[in-house]
Amino acid sequence: MEFHLENLPTSRIAYVRQVGPYGPANSQAMETLKSWARSKGLLTRSTVLFGIPQDNPETTLPSQCRYDACIVISEDYCLDESTPQLEEAELPGGQYLVCKVKHTAEDVKQAWTEIFPYLQSNGCTMDNKPILERYTGDLLLLDFCEICVPIKSL
């Protein structure tokens with residue numbers, strides 16, 4: 001498994017929120033976002049997309065779990081009213097442990113078994129920010145994603 005540290009910048013994002021059990025509905029939220037982005041000419045090879053599971057399904061009822069499908073937008077991009085479910089926010093930057101993984105349930109599950117031992121053995125702990133799934137250019141085309149875990153030194 002490939003790991004590296006990266007300092008992610010604070011970013012302005014537009015997002016579609018899905019509330020309910022994590023699973024296929026998350027993909028539907030991402031497709032809604034990508035369809036909107038494509039119609040606005042925002043879906044290019046340099047586009048950065050994030051999937052952000054906002055809740056831990058072990059401590060939050062599945063019916064209340066929130067998932068945000070996000071796209072990074074420029075500071076001067078003007079959001080219009082054409083997509084009522086589209087929201088805007090700021091994604092906090094900072095230090096992240098990044099793990100590149102094939103975007104399959106099996107590979108993502110395997111990554112999670114390795115991430116926390118890796119953090120501990122390298123003197124890091126999770127910071128109090130959401131974990132991110134990052135999708136960019138070629139990775140997206142090849143069906144890979146990056147799991148970005150916010151960290152702080154012990």
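The shown structure was predicted, so the numbers you read here are calculated from the model rather than taken from an experiment. Numbering starts at 1 and runs along the sequence shown.
- Between Tyr67 and Val19, the closest side-chain pair of non-hydrogen atoms is not below 4.5 Å.
- Minimum interatomic distance between Leu49 and Lys34 (heavy atoms only, all atoms of both residues): CD1-CD, 3.8 Å.
- The salt bridge (Lys or Arg N to Asp or Glu O under 4.0 Å) check on Asp55 picks up Arg66, with sequence neighbours excluded.
- A distance of 10.0 Å separates SG of Cys78 from NZ of Lys40, quoted to the nearest 0.5 Å.
- The shortest distance between side-chain heavy atoms of Pro53 and Tyr22 falls below 4.5 Å.
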Q: Step by step, work out the side-chain contact (heavy atoms from CB on, under 4.5 Å) result for Val101 and Ile147.
A: CA-CA 7 Å; Val101 63; Ile147 299 172; 4.0 Å; yes
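- Partners of Phe116 under the ring pair (Phe, Tyr, Trp, His ring centres under 6.0 Å) rule, at least two apart in sequence or in another chain, are Trp112.
- A donor-acceptor pair under 3.5 Å is formed between the side chain of Asn56 and the backbone N or O of Glu58.
- Pro57 and Cys65 make their closest contact through CA-SG, 3.9 Å (heavy atoms, listed as atom of the first residue, atom of the second, distance).
- Glu87 contributes atom CD, which lies 9.5 Å from atom CG of Leu79 (distance to the nearest 0.5 angstrom).
- Here Tyr135 pairs with His103 under the ring pair (Phe, Tyr, Trp, His ring centres under 6.0 Å) rule; sequence neighbours left out.
- Contacts of Asn7 classified as side chain to side chain donor-acceptor pair (under 3.5 Å), with partners at least two apart in sequence or in another chain: none.
- In this structure, Glu114 has no salt bridge (Lys or Arg N to Asp or Glu O under 4.0 Å) partners at least two apart in sequence or on a different chain.
- Across all their heavy atoms, Gln54 and Pro130 have their closest contact at OE1-CG, 4.0 Å.
- By the side-chain contact (heavy atoms from CB on, under 4.5 Å) test, Ser74 pairs with Asp76, Tyr77, sequence neighbours left out.
- Taken from CG in Leu5 to CG in Asn122, the straight-line distance is 7.5 Å, to the nearest 0.5 Å.
- Not a single side chain to side chain donor-acceptor pair (under 3.5 Å) links Arg38 to another residue, sequence neighbours left out.
- Side-chain contact check for Leu119 versus Thr125: every heavy-atom pair is 4.5 Å or farther apart.
- Listed here is the closest heavy atom pair of Pro21 and Asn26: O-OD1, 4.3 Å.
- Grouped by direct or indirect side-chain proximity (heavy atoms under 4.5 Å, Ile/Leu/Val/Met/Phe/Trp/Tyr only), Leu8 sits with Ile13, Tyr15, Val48, Phe50, Ile52, Val72, Leu91, Tyr96, Val98, Leu132.
- Shown here are the salt bridge (Lys or Arg N to Asp or Glu O under 4.0 Å) partners of Glu133, two or more places apart in sequence or in another chain: there are none.
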**Q.** Residue pair Glu90, Thr10: steps toward the side-chain contact (heavy atoms from CB on, under 4.5 Å) verdict
**A.** CA-CA 7 Å; Glu90 184 176 270; Thr10 297; 3.3 Å; yes
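- Annotation for Leu139: hydrophobic cluster partners, listed by chain and number, are Leu142, Phe144 (ILVMFWY side-chain heavy atoms under 4.5 Å, direct or chained).
- Nearest heavy-atom pair across Ala37 and Ile71 is CB-CD1, 3.6 Å.
- Taking both residues in full, the closest heavy atoms of Lys152 and Met126 are given as CE-O, 3.7 Å, listed atom of the first, atom of the second, then distance.
- The side chain to side chain donor-acceptor pair (under 3.5 Å) test applied to Thr44 returns Ser46, Thr47, not counting sequence neighbours.
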**Q.** Residues Gln85, Gln18; criterion side-chain contact (heavy atoms from CB on, under 4.5 Å); working and verdict
**A.** CA-CA 10 Å; Gln85 74 266 31; Gln18 188 281 127; over 6 Å; no
(Q) Applying side-chain hydrogen bond (donor to acceptor under 3.5 Å, both in side chains) to His4 and Glu6, what does each step give before you reach the verdict? (A) CA-CA 7 Å; His4 70 273; Glu6 189 174 331; 3.1 Å; yes
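- Considering SG of Cys99 and CD1 of Ile131, their distance stands at 11.5 Å, rounded to 0.5 Å.
- With sequence neighbours excluded, the residues forming a side-chain contact (heavy atoms from CB on, under 4.5 Å) with Thr104 are Lys102, Glu106, Asp107, listed by chain and number.
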(Q) With side-chain contact (heavy atoms from CB on, under 4.5 Å) as the criterion, how do Asp127 and Ile151 come out once you've worked through the C-alpha distance, each side chain's angles and the decisive distance to 0.1 Å? (A) CA-CA 5 Å; Asp127 201 352; Ile151 59 168; 5.7 Å; no
Q: Check the pair Glu88 / Arg12 against salt bridge (Lys or Arg N to Asp or Glu O under 4.0 Å), numbers first and verdict last.
A: CA-CA 7 Å; Glu88 177 182 351; Arg12 180 177 177 227; 2.7 Å; yes
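- Taking OG of Ser35 as the start and CD of Gln28 as the end, the distance is 13.0 Å to the nearest 0.5 Å.
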